[in-house]
Amino acid sequence: MNPLEALAALHDTFPVLEPGHVWLAGAGPGDPGMLTLDALAGLAQADVIVHDALVGERVLKLAGPRATLEFAGKRGGRPSTQQADITARLIELARANKRVLRLKGGDPCVFGRGGEEAIALADAGIPFRLIPGITAGLAGLAAASIPATMRGVNQAISFVTGHADADFDWTALARTGQPIVIYMAMRNVEPIVQALARGGLAATTPAAVIVAATLPEQHVVITRLDHLAAEVRRLGFTMPGLIVIGEIVKVRDRLLRLAAQAGAAK
Ligand SMILES: C[S@@+](CC[C@H](N)C(=O)[O-])C[C@H]1O[C@@H](n2cnc3c(N)ncnc32)[C@H](O)[C@@H]1O
């Protein structure tokens, strides 16, 4: 059964990607099982799929036979395709009456520039649709058996960019005492840890590094705030990684222990 037949079987009907339209869709964290059915419908119908580096081969294999693939992103440390060039290309393809799927890792609007691209398309008069995806922060927590929220543990959770360009008051975040999930922090972890400690987070605060969440290379390291930078250095920077800091990390042990007792451990 091809993806379109599968969707028809599930839905009776499925959303139609019209010629001249752009769908800005999330592909989830990497595992094709995390794609939404609407993203799959986009893959099956698109004439052109403009994707970033976080969209893996296994997801792109679900493209329909008429689709051409265009890479637009950052790969192997080489400079990123300029954002202005990407939006110009999306507009050009839509004006050429193509069905365009702009596919991004995770959710297109969580540290993914989906909002900027949507605004550029709207400005240019191009019909578009935003299709959410499972963001790496949530998928990574689940894949590492760390619940995002638990009664009695946390009342909030923050998703933050750790990109060095971002100007952010980490000490204020530390003072909330709530767990923090940090994207794009692997190369910038030392100053972040220092700022969180200045904000009052104890050196022993539980922390996790989740690398390549949901992918075959997935790797989870459990540590504490004062050992975090050393652990990140040891892991290296070849795969995307998330950092989680807070008491919620401790739930993992309990969960895995109980799951093992129940015979359901991974
Ligand atoms: C430019 S942001 C894009 C985030 C994406 N839009 C999302 O919603 O997941 C890239 C960062 O997302 C995180 N990331 C994406 N996929 C990941 C994965 N499979 N495992 C761990 N972290 C991931 C990493 O922190 C990476 O540096």
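Just so you know, ligand 1 is whichever comes first in the structure, and atom 1 is the first atom listed for that ligand. What you see is a predicted model, and the numbers here were worked out from it, not measured in a lab.
- Here the CG atom belonging to L93 is positioned 11.0 Å from the CZ atom belonging to R102, to the nearest 0.5 angstrom.
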Q: List the steps, then state whether ring-ring contact (aromatic ring centres under 6.0 Å, His included) holds for F71 with H51.
A: CA-CA 5 Å; F71 173 71; H51 65 94; 5.7 Å; yes
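- Counting only residues at least two apart or on different chains, the salt bridge (charged side-chain N to carboxylate O under 4.0 Å, His left out) pairs with a member in residues 180-208 are E190-R233.
- The structure places CD1 of I146 at 10.0 Å from CG of L255, a figure rounded to the nearest 0.5 Å.
- A donor-acceptor pair is defined here as one N or O able to donate and one able to accept, closer than 3.5 Å; such a pair exists between the side chain of N154 and the backbone of A148.
- Panel note: side chain E18, backbone R99; no donor-acceptor pair is recorded below 3.5 Å.
- Taking a heavy-atom cut-off of under 4.0 Å, ligand 1 is surrounded by P29, L54, G105, G106, D107, V110, F111, T135, A136, Y183, M184, I210, A212, A213, P240, G241, L242.
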